[in-house]
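Per chain, numbering begins at 1; letters A, B, ... match sequence-line order.
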Amino acid sequence: MTELETVPAPERTRGEGLAARVLRIGLTERVVLLAVLLVVVVVWFRVLGAGGYLVAPYDLRYLGNALESMVPFALLAVAELFVIVSGRGGIDLSVGAIVSLAGMAFGFMVGVWGWPLLPSILGCIVVGALLGAVNGALVAYVRFPALIATLATYYAYSSLALISNANAPISTPPVVALHSLTRNVDLPAPLPPVPLHVFTILLPCAVLAWVVMSRSTYGRSLYAVGTNDIAAAYATQSVARTRFTAFVLSGLLSGVVAVVTVGQFASARPDAGIVGNGMALPAITVAVLGGVAIQGGIGRVGGVLVAALLVTWLNAGMLLAFPEGAEGSRYQLLALGLVLVLSALLNTIALRRYGRLS
Amino acid sequence: MSVMTTAAGAPAQRRPRVRAIEGQEIALIGVVGLLWVVLSLATDTFLTTGNLQNILFTVAPIALVGIGMTAVIVTAGIDVSVGSQAAVVMVVVALTVRDSGLPFVAAVAVAVVVGLVLGAVNGLLVAYGGIHPIIVTFGTLNIYRFVALQIFGTEQVAGVPATLAPIGGGMEGRLLGVPTAWWLTLVLAAGMWCYMRYWATGRHLYAVGGDAFAARLAGVRVRRRQISAYVLTGACVGLAACVLIGSGGLVQQNVGTGLELRVIAAVVIGGTSIIGGRGTVLGTLLGALLVGTVSSAVTLLSWPSELAQLFIGLFILVAVGVDLLRERRRSAR
């Protein structure tokens with residue numbers, strides 16, 4: 001949000017004490033706050049590990065492995081970033097269902113119809129984008145509230161995903177072979193092995209998303225529409241098409257996640273994105289934690305990615321701290337809920353106090 | 001959902017009197033009636049006492065929670081934590097009934113009180129935290145699920161006695177052949193319908209949802225109304241949890257997952273506007289009936305049960321789409 005801020009923020013930097021300055025930066029510069037929290041989490045678990053409270057070492061190798069579970073949520077959180085920034089109550093509850101349905105389509109292409117890998121991946125992403133386009137058309141052109149449209153398509157898509165193969169996963173040999181897409185790769189000495197798709201999928205998508213949001217006309221237009229769609233319309237922005245594209249991008253990223261999850265499970269599962277609380281909720285949580293304001297018009301790719309990393313390493317640490325049965329995943333629920341509410345509170349305070357949030 | 005939408009919407013016109021029944025509700029009655037006729041002709045099993053009792057009983061919890069949810073959505077809020085709330089109430093009630101042998105009335109009282117507390121947390125966060133309701137309740141959805149699982153400990157609650165059978169799904173839970181849970185729903189819905197229609201504070205719910213700022217200037221206690229809606233939802237969840245435990249047996253750890261979506265679907269199909277300010281409990285009741293009928297129909301026609309979700313999704317789109325068209329015509333006039 002650089003060029004957009006034509007109205008300068010009130011001059012507060014001069015004559016401001018150190019404490020007030022730290023508070024202001026902590027509240028308004030979300031990336032800084034998250035980076036500090038990230039360090040705190042890692043150091044804290046290292047200390048716990050040194051004191052013998054963890055069942056396994058919380059070391060670089062473990063942190064590297066944990067990145068595997070970060071990829072889907074980071075990508076879906078970026079998907080939510082596009083949609084939420086588009087404003088007017090923008091939200092996408094259907095991302096998990098799109099992951100399921102596009103994943104099943106991917107499974108059919110690779111495992112049943114025997115398509116080669118690259119056209120299948122492309123096909124899966126196209127399916128995701130089309131499903132997102134349905135959401136976008138409903139929200140942007142028919143003017144459904146986003147919550148309702150994506151709730152309805154959540155139902156429809158997850159139902160279609162379950163019916164497509166009579167509620168059974170597709171795990172024929174070609175699909176199982178896809179697991180190599182998500183294998184660990186060894187890095188030079190001090191660095192731990194890292195899942196391959198961090199490099200092949202997450203980083204390219206993140207860079208592309210950053211370019212779209214911060215360096216393209218579309219991104220400028222999206223922030224403008226999300227901040228005030230009436231003003232944007234007077235400024236000759238096509239509000240409906242901008243919103244529509246945001247949902248298409250969200251579907252497209254969900255299609256990418258579908259490829260990743262099929263690879264991780266080595267099987268196309270019809271309930272991949274909707275089991276339990278589904279994938280939409282954690283994605284929205286990560287987006288809000290990353291500084292995306294639910295009112296629209298505010299949010300950055302960098303914040304969302306750091307937030308995804310923070311949640312991933314926090315979750316990974318909790319699995320080691322609470323080893324008994326499902327206790328670790330139970331505390332993850334608690335942490336996810338608290339983090340969501342607290343970060344939203346932080347967003348509110350920052351907006352009230354300083355009138356901005358980066 | 002934003003201030004903008006309400007500002008751009010049509011100015012509210014003063015009507016001579018509020019109609020007793022909205023167009024959307026008449027259409028819903030028609031759709032449900034048509035479905036029932038078609039299903040009774042198409043299958044032998046639909047129009048049997050057993051099946052109808054079953055539909056009414058399975059619809060009851062959704063409609064019960066829907067009563068509170070209607071109030072919440074009318075105030076331009078939303079509560080996606082009801083499924084987790086139900087899980088907390090169910091595990092607490094199941095454990096107290098099993099381990100300390102509470103009688104029926106006390107068990108229901110415990111359920112309602114626990115529900116009230118959970119709802120109050122949501123209400124306070126929404127009213128005083130300045131956080132968007134969907135974020136608050138997404139958060140508490142996780143937190144309440146954690147609380148429920150923590151109370152469950154490592155295993156599900158087995159051997160729950162039939163203390164709550166009078167509002168359960170068995171033979172005991174019927175009055176004049178109709179499940180008592182459904183009677184309970186009807187009585188509560190009727191009360192809520194009158195409250196939201198005739199009482200000052202009930203009308204204030206609509207004012208808050210229409211434009212919270214204007215309502216405040218007009219002397220409506222906005223925060224109090226918001227909190228009351230979430231607290232009411234909590235109480236309704238308490239009752240619904242009692243219905244769900246019913247004749248006892250096993251309470252599993254995944255109870256209540258997905259309840260929120262079914263309830264919101266029923267409310268929205270019933271014509272309540274998600275941006276607030278419009279909607280009735282009668283519509284919600286009909287919406288819940290439609291959802292229940294569709295689920296039952298899919299089973300009776302021996303279609304894959306997942307197809308029911310597809311139909312629910314389509315019904316939401318049609319119901320809201322028709323409403324949008326009517327709204328657009330109204331504002332064009």
Quiz item: Side chain, backbone, both or neither: which part of V341(A) has an atom under 4.5 Å from a heavy atom of chain B?
Solution: both
Quiz prompt | Heavy-atom side-chain contact between L281(A) and N142(B) under 4.5 Å | solution = yes
Quiz item: What's the spacing between L333(A) CG and L149(B) CG if we round to 0.5 Å?
Solution: 6.5 Å
Quiz item: So, for A265(B) and L151(A), which heavy atoms are closest and what is the spacing to 0.1 Å?
Solution: N-CD2, 4.5 Å
Self-check item: Contact class of L314(B) relative to chain A, heavy atoms under 4.5 angstrom
Solution: neither
Quiz item: Between I284(A) and chain B, which part of the residue has a heavy atom less than 4.5 Å away: side chain, backbone, both or neither?
Solution: side chain
Practice problem: Name the region of Y157(A), side chain, backbone, both or neither, that has any atom closer than 4.5 Å to a heavy atom of chain B. | Solution: neither
Practice problem: To the nearest 0.5 angstrom, please state how far the OG1 atom of T348(A) sits from the CD1 atom of I131(B). | Solution: 5.5 Å
Quiz item: Shortest non-hydrogen contact from A152(A) to G313(B)?
Solution: CB-O, 3.4 Å
Quiz item: Given a strict heavy-atom distance threshold of 4.5 Å, which part of L342(A) is in contact with chain B: side chain, backbone, both, or neither?
Solution: neither
Quiz prompt | Under 4.5 Å from any heavy atom of chain B - which part of I148(A) | solution = both
Quiz prompt | Partner chain B: residue of I91(A), N167(A), I349(A) with the largest heavy-atom pair count (under 4.5 Å) | solution = N167(A)
Quiz item: Does OH in Y141(A) sit with more than 12 non-hydrogen atoms of other residues, nucleotides or ligands closer than 6.0 Å?
Solution: yes
Exercise. Look up atom CZ in F144(A) and atom CD1 in I316(B), then write down how far apart they are to the nearest 0.5 Å.
Key: 10.0 Å
Exercise. Using non-hydrogen atoms and a 4.5 Å limit, figure out which bit of V268(B) sits close to chain A: side chain, backbone, both or neither.
Key: side chain
Self-check item: Nearest-0.5 Å distance, CD1 of residue I143(B) to CG of residue L336(A)
Solution: 9.0 Å
Practice problem: Supply the atom-to-atom distance Y155(A) OH to L261(B) CG, rounded to the nearest 0.5 angstrom. | Solution: 4.5 Å
Practice problem: Below 4.5 Å from any heavy atom of chain B, which atoms of L160(A) appear? Answer side chain, backbone, both or neither. | Solution: side chain
Quiz item: Looking only at atom types and distance, does a side-chain atom of S159(A) sit under 3.5 Å from a main-chain N or O of Q309(B), one as donor and one as acceptor?
Solution: no
Quiz item: If you look at every heavy atom in I294(A) and H132(B), which pair is closest and at what distance?
Solution: CG2-CB, 3.5 Å
Quiz item: Hey, are the side chains of Y331(A) and Q150(B) touching, using non-hydrogen atoms and a 4.5 Å cut-off?
Solution: yes
Quiz item: Which of the residues L93(A), I163(A), V288(A) is involved in the greatest number of heavy-atom pairs with chain B at under 4.5 angstrom?
Solution: I163(A)
Self-check item: chain A contact via I134(B) - which portion, at a heavy-atom distance below 4.5 Å
Solution: side chain
Quiz item: Are the side chains of F138(B) and T285(A) in touch, meaning some heavy atoms are under 4.5 Å apart?
Solution: no
Self-check item: Side chain to side chain, R145(B) and R330(A), heavy atoms closer than 4.5 Å
Solution: no
